[in-house]
Colleague: 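Below you'll find the structure I mean.
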Amino acid sequence: MSASDSAQTSRVLVELCVDDLEGALVADREGADRIELCADLLEGGTTPSMGTILAVLDAVERVGVQIIVRPRGGDFVYSEAEVDVMCRDLRAIAAAAAGARTPVGVVVGALTAASEVDAAALRRLIDAAAPLPVTFHKAFDATSDLLAAYDVLAAAGVERVLTSGGPHPALQGIDVLAELVRWSRAEPAAPTVLVGGSVRPANVREILNATGATEVHLRAQTASPRGDGTLRTDPDVVRDLFAALENPTTDTLSDASVVIAVDIGGTNLKGAIVDASGRTIASRSVGVGATGDESIARIIELLQGLRAHTEQSGHHVVGIGVVTPGMVEAENGIVRYASTLDWTDVPLGPILSAELGVPVEIGHDVRSSGLAESLFGASKGVANSVLVAIGTGVAASILSGGHPVVGAVTTAGELGHIPAIPDGEPCTCGQHGCLEVYLSGAGIARRYAAAGGEPGLDAAAISVRLGHDPVADRVWADGVHALALGLKSVTLLIDPAVIVLAGGVSRAGGLLLDPLRAELAQSLVWREAPEIRVSELGTAGGRIGAAVLAFRASGHGEVVDRWTTADVLAEEPRA
């Protein structure tokens with residue numbers, strides 16, 4: 001039996017992640033099988049209060065209750081004192097569950113500093129929770145070897161593991177998820193695979209068909225009507241999920257189906273309407289707001305305007321992709337921090353989805369550009385590559401084994417703040433000698449003016465003076481040297497086959513590439529340097545990556561496989 005056949009013939013169990021009594025009651029009323037009861041979902045879920053636990057156990061009539069025990073946000077490496085606290089919570093929950101009328105379990109997770117399952121801590125937690133069944137939460141996806149971690153959980157007696165197949169949305173981890181599902185079925189005592197990670201009504205059938213999983217986990221939440229940035233469990237989303245599960249096949253796209261892609265920049269919001277061929281059929285740009293709230297309002301206004309344009313032209317929007325700078329928790333659509341936008345813990349995905357009524361995927365701007373480049377650009381078909389965007393600052397998108405590297409707090413790729421020059425010049429981040437101090441648009445311009453060069457020139461104008469302006473030559477050479485050192489570190493640590501340069505400074509062509517290639521090759525004594533290429537997508541990379549995310553959010557990510565570079569770079573009329 002294929003994974004697809006299995007998913008269609010087995011009943012799918014639905015678990016909703018909720019953070020209050022109201023959400024538990026929605027789940028109970030709308031037919032969910034289980035809830036995961038949490039507090040502080042913006043931190044990924046922490047231990048709820050005993051008052052909340054008791055109120056939920058008293059109120060629900062049929063839905064099972066899984067209670068997360070996680071003492072804090074952040075990483076999953078816990079001290080002895082934190083494990084003691086978790087054990088106390090687990091014993092209290094086990095006592096409270098003794099009189100419950102619906103099934104009760106607990107959700108835990110603990111890792112070592114080496115990103116492996118902390119087997120000793122897990123044993124203590126399981127013993128404290130007895131006799132309640134234990135689910136291991138998405139700390140699993142932060143382990144260095146998922147299959148080895150699964151074996152540890154199986155040996156410990158864990159009943160279920162919540163996973164998206166890696167540190168990314170479930171749709172990007174379907175191969176690993178399918179393998180885990182096969183393992184779970186091969187051994188009856190092995191943990192069941194509970195698939196979570198940006199699961200939505202629009203994509204749930206695609207995920208199930210591809211993996212063979214029979215349990216899904218999601219936040220069925222939209223923006224609260226209070227308008228204060230909080231979320232609520234939305235019964236309409238739950239109903240849409242069950243409607244999608246009752247449909248044994250994934251809906252096909254009509255010729256009129258389009259998505260909206262939005263690339264949030266430092267000063268502008270660029271939106272595009274993209275059809276199923278990958279071609280941009282209209283675009284529009286507006287300025288960002290003066291405040292964080294104003295920027296959100298302008299994004300909504302941009303999206304509504306573009307949707308109105310699609311309706312006038314006989315199209316309809318099936319998904320939205322938005323890419324943004326900052327710390328982005330893509331799985332939950334939350335922008336943790338974006339200094340240029342004045343955003344902290346903004347649930348942008350749920351806010352936009354509630355406003356527009358379609359699935360929304362949020363991504364990091366440079367990481368999304370790297371995704372686009374790997375699909376249609378200079379690193380197409382290369383499983384191990386790094387895109388380095390050199391603009392006002394410097395950032396990188398890392399692809400390893402075909403998967404994006406995100407990091408524990410979603411900040412992998414901050415190449416601009418690698419100290420390239422020991423004890424070098426101060427950086428605005430507080431460190432000294434950072435790469436972007438020496439080679440970025442802002443860094444080159446600042447250092448050139450400070451060294452006595454003509455003030456007011458940008459990096460492009462300075463590059464034109466190379467060969468007849470000693471100040472320009474010196475500043476440029478310093479920048480190339482710093483970038484070569486940074487790329488040397490990237491090469492030895494990540495081992496990419498290709499490094500792609502993007503952004504304004506990369507357009508200097510041979511003035512940058514020739515000395516950079518020579519210096520990097522000379523510095524790597526015992527191995528060959530990776531190939532250095534220039535982006536083929538240029539400034540369109542963010543928009544193209546956002547369109548890919550939008551079609552994935554809609555549950556039709558397969559259409560991207562048919563796109564060509566010519567299509568995604570086609571000229572775009574104004575909306």
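All values below were derived from every heavy atom in this structure, side-chain atoms included, with hydrogens, water molecules and symmetry-related copies excluded.
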Colleague: Do you know which two heavy atoms are closest between E361 and A330, and how far apart they sit?
Modeller: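 The pair with the smallest heavy-atom distance is OE2-O, 4.3 Å.
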
Colleague: Run the side-chain contact (heavy atoms from CB on, under 4.5 Å) test against S49 and tell me which residues pass, sequence neighbours left out.
Modeller: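 So S49 forms a side-chain contact (heavy atoms from CB on, under 4.5 Å) with T52.
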
Colleague: Filter on salt bridge (charged side-chain N to carboxylate O under 4.0 Å, His left out), then keep only pairs touching residues 132-151, sequence neighbours left out; what's left?
Modeller: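 Counting only pairs at least two positions apart or across chains, the salt bridge (charged side-chain N to carboxylate O under 4.0 Å, His left out) contacts touching residues 132-151 are K138-D141, K138-E331.
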
Colleague: Report yes or no: does R70 contribute a side-chain atom to a donor-acceptor pair with the main-chain N or O of V108 at less than 3.5 Å?
Modeller: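 Here the side-chain-to-backbone pair does not exist.
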
Colleague: Once rounded to the nearest 0.5 Å, what's the spacing between atom CD of E373 and atom OG of S368?
Modeller: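 The OG atom of S368 is 12.5 Å from CD of E373, to the nearest 0.5 Å.
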
Colleague: Is it true that W183 and E179 share a donor-acceptor pair across their side chains at a distance under 3.5 Å?
Modeller: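 The answer is yes; a qualifying pair exists.
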
Colleague: Spell out, as yes or no, whether a donor-acceptor pair under 3.5 Å connects the side chain of R160 to the backbone of V193.
Modeller: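 A pair under 3.5 Å: no.
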
Colleague: Grab the two heavy atoms, one from A202 and one from P359, that are nearest each other, plus how far apart they are.
Modeller: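 Smallest interatomic distance, heavy atoms only, reads CB-CG, 3.4 Å.
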
Colleague: Between atom CZ of F76 and atom CZ of F136, what is the distance when rounded to the nearest 0.5 Å?
Modeller: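 Going from CZ on F76 over to CZ on F136, the span is 8.5 Å.
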
Colleague: Considering non-hydrogen atoms only, spot the tightest contact between I174 and A210 and give its length.
Modeller: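 Looking at all heavy atoms of both residues, the shortest contact is CD1-CB, 3.9 Å.
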
Colleague: Ignoring hydrogens, what is the shortest heavy-atom contact between P496 and V386? Give both atom names and the distance.
Modeller: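 For P496 versus V386, the nearest heavy atoms are CB-CG2, 3.9 Å.
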
Colleague: Between N332 and E329, does any side-chain donor sit less than 3.5 Å from a side-chain acceptor?
Modeller: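 Checked: N332/E329 side chains pair up, N/O donor to acceptor below 3.5 Å.
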
Colleague: Using modelled atom types and a 3.5 Å cut-off, is there a donor and acceptor pairing between side-chain atoms of D19 and backbone atoms of L41?
Modeller: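 Checked: no pair found.
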
Colleague: Does this structure show an ion pair linking R239 with D236, if we count only N-O contacts that are shorter than 4.0 Å?
Modeller: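 A salt bridge is present here (some side-chain N lies under 4.0 Å from a carboxylate O).
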
Colleague: Do you know which two heavy atoms are closest between A190 and Y150, and how far apart they sit?
Modeller: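 Distance-wise, the nearest heavy atoms are CB-OH, 3.3 Å.
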
Colleague: Taking the side chain as every heavy atom from C-beta outward, state whether T102 and R34 have any pair of such atoms under 4.5 Å apart.
Modeller: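 Answer no - side chains too far apart.
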
